[in-house]
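Notes for the one structure printed next.
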Amino acid sequence: MVDAFLAPCRAIATCLWWLASSFKLIFWSGAQPGVVFWLIVFALFALWIGSGFLAATIAELAGKKRGEAFIMGLLAPWVYPRRLAATSEVAATEEEIAAAERAATAAEFATEEEEIEEIDGWCRAWFAQIPVDDDGVRQGPFRLYLLDGAILELESIRDLRDDLMVVVNSATGKTLRIKYDNIANFEELYDQTE
């Protein structure tokens, strides 16, 4: 396992050492490379690194290991990414991708509607129905009635777990963990200013 990792690393180190030695020889000889030389060096370096990133991207889309594909893309620039793309089944048209997304969305809504009908009592699935913002937080305000008679005004629901939820109290700003078994009632409050 270690040799499988070290062999490509040694090959890369050898190539880099050879490049550094070549540059050292050029500068010691008194040659002053111009702008064109540096542009060519930059372009070759960009193509070399780009090959590794392209191989890693193709591997990720095909469900293969990205790290190995990146290293192989560096060792066999532009040859390995082409071979990987030819052997992987990642060639899908935009129409196929859009159709698959529409089907997945429709199936998701169908299962959500079925789940909504089956939910009984306060549980993770019930609170999971509340829409989330871009950060994955269910923004309030909410009012939570507990079995012991306490009433909490909630700013947001931060996390849902199997037996409890993590909320932020509006009054204190503190994070609280409340078990679903302790909830008597729950309601969403709406902003009266709108």
Side-chain angles (χ1 to χ4, degrees), residues 1-118 124-125 127-139 157-162 166:
M1 177 71 183
V2 175
D3 288 339
F5 176 74
L6 290 179
C9 292
R10 286 185 191 129
I12 292 170
T14 303
C15 291
L16 291 175
W17 179 81
W18 179 81
L19 282 172
S21 299
S22 300
F23 283 127
K24 189 165 59 170
L25 181 66
I26 290 171
F27 288 115
W28 279 359
S29 67
Q32 296 293 326
V35 174
V36 175
F37 171 78
W38 289 113
L39 288 176
I40 291 171
V41 167
F42 176 75
L44 291 175
F45 180 75
L47 288 172
W48 180 63
I49 290 291
S51 173
F53 285 120
L54 179 64
T57 302
I58 293 170
E60 182 178 16
L61 291 173
K64 298 180 180 178
K65 295 182 180 179
R66 293 178 304 189
E68 291 177 7
F70 178 77
I71 291 173
M72 289 302 297
L74 293 177
L75 294 176
W78 299 103
V79 174
Y80 183 74
R82 283 184 187 168
R83 188 184 132 266
L84 186 62
T87 59
S88 300
E89 294 183 22
V90 292
T93 63
E94 291 181 21
E95 293 85 19
E96 291 173 346
I97 294 171
E101 287 176 353
R102 282 193 300 271
T105 304
E108 181 179 318
F109 283 128
T111 56
E112 283 180 5
E113 288 176 5
E114 292 171 3
E115 288 175 3
I116 289 171
E117 294 172 2
E118 296 174 8
R124 178 182 184 153
F127 290 102
Q129 299 174 40
I130 301 172
V132 296
D133 62 6
D134 293 337
D135 297 327
V137 175
R138 291 159 178 81
Q139 292 293 341
I157 300 174
R158 294 282 177 202
D159 188 22
L160 298 175
R161 298 184 183 161
D162 290 335
V166 180

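Atom set for the values below is all heavy atoms of this structure, side chains included, hydrogens, waters and symmetry mates excluded. Keep in mind it's a predicted model, so treat the numbers as computed, not measured. Here, residue 1 is the first one in the sequence, and each next residue gets the next number.
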**OP:** Identify the heavy atoms of R158 and V137 that sit nearest to each other, and give their distance.
**Re:** NH1-CG2, 3.4 Å
Original post:
Can you tell me how far the CZ atom of F70 sits from the OG1 atom of T57, to the nearest 0.5 Å?
Top reply: 10.0 Å
Original post:
Looking at residues at least two apart in the chain, or sitting in another chain, which of them share a salt bridge (charged side-chain N to carboxylate O under 4.0 Å, His left out) with R66?
Top reply: E60
Side-chain atoms of residues 45-54: list all donor-acceptor pairs with protein atoms under 3.5 Å, sequence neighbours left out, distances to 0.1 Å.
residue : atom : partner : partner atom : Å
W48     : NE1  : L74     : O            : 2.8
S51     : OG   : G73     : O            : 2.8
S51     : OG   : W78     : N            : 2.8

Subject >> Heavy-atom pair of closest approach, residues A69 and L84 >> reply: CB-CD2, 4.2 Å
Subject >> D162: salt bridge (charged side-chain N to carboxylate O under 4.0 Å, His left out) partners, not counting sequence neighbours >> reply: R124
Original post:
What heavy-atom pair brings P81 and A76 nearest, and what distance separates the two atoms?
Top reply: CD-O, 3.9 Å
Original post:
Testing D133, I157, V132 for side-chain contact (heavy atoms from CB on, under 4.5 Å) with Q139, which one passes?
Top reply: D133
Subject >> Nearest heavy-atom neighbours spanning T87 and K64 >> reply: OG1-NZ, 4.3 Å
